[in-house]
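Please read the structure below before turning to the comments.
Computation of the quantities below employed the complete heavy-atom set of this structure, encompassing side-chain atoms and omitting hydrogens, waters and symmetry-equivalent molecules.
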Amino acid sequence: MSKASAKIKVLEGLDHVRLRPEMYIGSTYDPAHLVTEILDNALDELANDYADKVTVAIKDQVVTVTDNGRGIPVHNVDGFDVDSIVIAATELFSGAKFDNKAYGVAIGLHGVGLAVTNALSEWLVIEVINGSNLNRYEFVNSTLTKQTTRQKTPNDQSTSVSFKPNSKFFTTMGFREDAIRKRLYLISARVSNSTILFNNEIIPKVTMNELARYYLDIEEDHYLTSISAKRDPQSVTMYISYDNEKTSMGDINLNICTGTYLTTLTTLFVKQVSNLYPTLTRGNITSGLKIYCSAFIQDPRFEGQVKNKMVKDISPLLELLVPRMKALVTTPFFKAHFEEIIEKKALAGASKKLKKVKMVGAGNPLKDCVNKPGDTLYIVEGDSAGGNFFKFRDGKTEAYFPLSGKIMNSANKNINEVLSSKKMKYFLEAIGIDPLNREQSNFRYKDVIIVC
């Protein structure tokens with residue numbers, strides 16, 4: 001007997017958000033992402049110079065976000081019998097950001113933030129200035145229950161959105177206020193002519209240099225520099241240094257996020273260093289490299305609604321930094337860093353050469369003693385002088401090394417040049433000195449006496 005197949009269902013309105021909230025907000029552990037969704041709309045006004053003040057307040061699980069921008073436009077929408085505000089709060093993929101007409105650069109992108117927040121809230125209230133009036137919309141369980149209009153007052157903000165998340169959609173109802181505050185610091189630093197308030201406290205102003213230090217874990221007295229480029233309305237700034245561990249981070253349109261743009265930026269920098277120092281590998285150059293990239297771009301692409309990974313290729317914008325990178329890698333801090341790496345590579349290569357030869361290898365003219373370590377090593381002038389030492393020395397405790405001709409003056413030579421001399425290499429082997437690591441040198445004698 002065959003089983004009946006399941007019937008096809010069509011979920012209308014916001015039903016799919018409530019059924020699969022993780023698809024829209026990433027995690028249902030807590031409702032913190034709903035704050036981001038509403039905040040992003042205020043930031044669009046701020047980042048495009050239509051507003052200079054944004055407030056965020058959280059009290060008794062109620063969130064309120066306001067801005068003094070232009071206000072959400074109130075107008076009729078073709079095919080609907082309710083206005084644009086109701087549509088934005090109840091219909092997915094509705095909004096004014098699907099082209100570049102409303103904003104040069106957009107923070108909120110997908111046209112779902114207000115509707116998703118409404119879908120996952122017990123109630124939501126929107127107040128919008130419309131000409132000389134203030135329109136108020138009240139939603140309960142996602143449904144418009146009341147709509148009023150009154151005369152606006154001087155204290156009214158252009159847009160105000162308040163909501164209380166519905167506990168049945170979340171594991172916990174606490175807000176990660178530290179994470180919210182952290183992003184507000186970024187916004188305050190990135191949009192310098194702004195005032196940002198969180199729970200009635202003004203977010204202190206920090207510079208982007210200070211913020212980059214925080215994210216890259218660079219001490220205040222350690223070197224950090226930046227280079228910038230702009231192609232209106234887009235812009236990019238790269239903060240860069242070297243420290244103990246490799247780190248790359250960035251923000252795109254006021255969202256802290258990873259993405260291929262960080263790899264592209266690193267590759268461009270590596271290429272400029274390689275052109276100047278061709279012996280360095282990518283691994284040499286990226287070891288300890290710290291980069292923070294901050295950019296405003298048009299039409300960004302994120303992997304999912306949460307916007308924690310940016311996937312759009314912005315190479316043309318990043319390539320505007322190349323002339324500045326070329327100049328940067330010749331400055332004293334970076335030049336000293338790369339030259340130190342080259343010196344270490346030379347030492348490592350020399351160490352490898354030494355290890356290929358046994359401590360006293362074939363061909364070494366050393367006449368060793370029986371006991372190890374010996375009492376005395378005599379350095380004598382050639383085999384003829386060594387003949388007498390061979391007869392009269394104590395073979396158990398005394399050794400001699402016949403040195404013929406003039407030995408290399410190594411004062412102004414690098415270690416590779418020194419070790420290219422077989423005579424010098426035998427000499428170091430005889431004494432038991434590792435010139436690359438004196439602490440691990442295996443001295444073969446208590447005293448070394450030069451006889452001349």
Side-chain angles (χ1 to χ4, degrees), residues 176 178-179 181-186 189-190 206-229 236-252 254-295 302-303 306-311 314-315 318-319 321-322 324-349 351-352 436-437 439-440:
R176 288 165 289 174
D178 285 349
R181 193 182 297 274
K182 193 173 178 180
R183 189 175 183 219
L184 294 178
Y185 268 94
L186 166 64
R190 194 72 174 86
V206 296
T207 65
M208 277 302 299
N209 188 286
E210 290 171 321
L211 202 69
R213 284 183 181 278
Y214 170 77
Y215 281 121
L216 297 176
D217 193 22
I218 295 177
E219 297 294 333
E220 188 177 342
D221 59 349
H222 189 75
Y223 185 81
L224 177 70
T225 191
S226 64
I227 52 176
S228 299
V236 60
T237 302
M238 172 189 182
Y239 300 85
I240 182 169
S241 187
Y242 277 94
D243 209 348
N244 296 326
E245 295 180 1
K246 178 183 176 183
T247 311
S248 60
M249 292 186 64
D251 66 83
I252 300 292
L254 302 180
N255 288 288
I256 296 290
C257 57
T258 62
T260 54
Y261 72 101
L262 294 172
T263 306
T264 301
L265 190 63
T266 301
T267 298
L268 288 172
F269 180 73
V270 167
K271 185 175 180 181
Q272 308 321 307
V273 178
S274 296
N275 289 341
L276 197 62
Y277 303 101
T279 61
L280 297 182
T281 66
R282 183 184 179 92
N284 295 148
I285 298 167
T286 59
S287 178
L289 177 64
K290 287 185 176 286
I291 286 177
Y292 186 93
C293 177
S294 185
F302 290 94
E303 187 179 84
V306 182
K307 294 185 276 219
N308 55 14
K309 184 177 182 181
M310 209 279 291
V311 295
I314 57 169
S315 299
L318 299 180
E319 285 168 0
L321 293 171
V322 168
R324 295 165 177 81
M325 287 183 188
K326 288 180 178 178
L328 186 67
V329 298
T330 63
T331 57
F333 173 83
F334 291 96
K335 188 176 178 183
H337 177 78
F338 300 133
E339 288 178 352
E340 183 181 354
I341 296 175
I342 292 170
E343 185 178 345
K344 284 181 179 178
K345 282 190 76 173
L347 289 172
S351 180
K352 199 170 179 183
L436 309 175
N437 193 340
E439 281 131 3
Q440 290 186 8

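Within a 6.0 Å sphere centred on OH of Y214, heavy atoms belonging to other residues, nucleotides or ligands number 12 at most. For D178, the CG atom sits in a loose shell: 12 or fewer heavy atoms of surrounding residues, nucleotides or ligands are nearer than 6.0 Å. E343 CD: 12 or fewer foreign heavy atoms inside a 6.0 Å radius.
Within the 4.5 Å cutoff, the side chain of I252 has heavy atoms near those of the Y261 side chain. Residues C257 and K307 fail the side-chain proximity criterion, which asks for heavy atoms closer than 4.5 Å. Residues M325 and L268 form a side-chain contact, since some pair of their non-hydrogen atoms from C-beta on lies under 4.5 Å apart. Within the 4.5 Å cutoff, side-chain heavy atoms of M208 are placed close to those of L186. The shortest distance between side-chain heavy atoms of E303 and N308 does not fall below 4.5 Å. Counting only heavy atoms from C-beta outward, the side chains of K182 and I256 never approach each other to under 4.5 Å. Under the 4.5 Å side-chain criterion, counting only non-hydrogen atoms from C-beta, I291 is not in contact with K246.
Residue K326 comes nearest to T330 through the heavy atom pair O-CG2, 3.7 Å, listed as atom of the first residue, atom of the second, then distance. Listed here is the closest heavy atom pair of K345 and T279: NZ-O, 2.6 Å. Closest non-hydrogen pair, R213 versus Y223, comes out as NH2-C, 4.3 Å.
A distance-only check finds no donor-acceptor pair linking the side chain of T286 to the backbone of L289 [under 3.5 Å]. The backbone N or O of K271 lies less than 3.5 Å from a partner atom in the side chain of N275, making a donor-acceptor pair. Judged purely by atom type and a 3.5 angstrom limit, R324 uses its side chain to pair as donor or acceptor with the backbone of S228. Side chain of K344 to backbone of E339: no donor-acceptor contact under 3.5 angstrom is found. For the pair K290 (side chain) and L216 (backbone), a donor-acceptor distance under 3.5 Å is present. For the pair S287 (side chain) and G283 (backbone), a donor-acceptor distance under 3.5 Å is absent. Formation of a donor-acceptor pair under 3.5 Å by the Y242 side chain with backbone atoms of I285 is found in this model. T258 places no side-chain N or O within donor-acceptor distance of the main-chain N or O of K309, the cut-off being under 3.5 Å. Here the side chain of R190 pairs no donor or acceptor atom with the backbone of L254 at under 3.5 angstrom.
Between the CG atom of L276 and the NZ atom of K335 there is a distance of 8.5 Å, given to the nearest 0.5 Å. Here the straight-line distance linking atom NE2 of H337 with atom OH of Y277 works out to 10.5 Å at 0.5 Å rounding. Taking CD1 of I341 as the reference point, atom CG of N284 lies at 6.0 Å (rounded to 0.5 Å). Atom CG of N209 sits about 12.0 Å away from atom OH of Y292, to the nearest 0.5 Å.
F334 and F269 have perpendicular rings, their planes meeting at more than 60° on a 0 to 90° scale where under 30° would count as parallel.
Remark: of the listed residues S315, C293, S248, C293 is the sole one forming a side-chain contact (heavy atoms from CB on, under 4.5 Å) with L265.
Residues Y215 and D251 have side chains that never bring a donor and an acceptor to within less than 3.5 angstrom of each other.
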ask   = Can you list the steps and then say if V236 with L318 is a side chain to side chain contact (heavy atoms under 4.5 Å, CB included)?
value = CA-CA 7 Å; V236 60; L318 299 180; 3.8 Å; yes

request  = Quick one: do T225 and Y239 satisfy side chain to side chain contact (heavy atoms under 4.5 Å, CB included)? Show the steps, please.
outcome  = CA-CA 6 Å; T225 191; Y239 300 85; over 6 Å; no

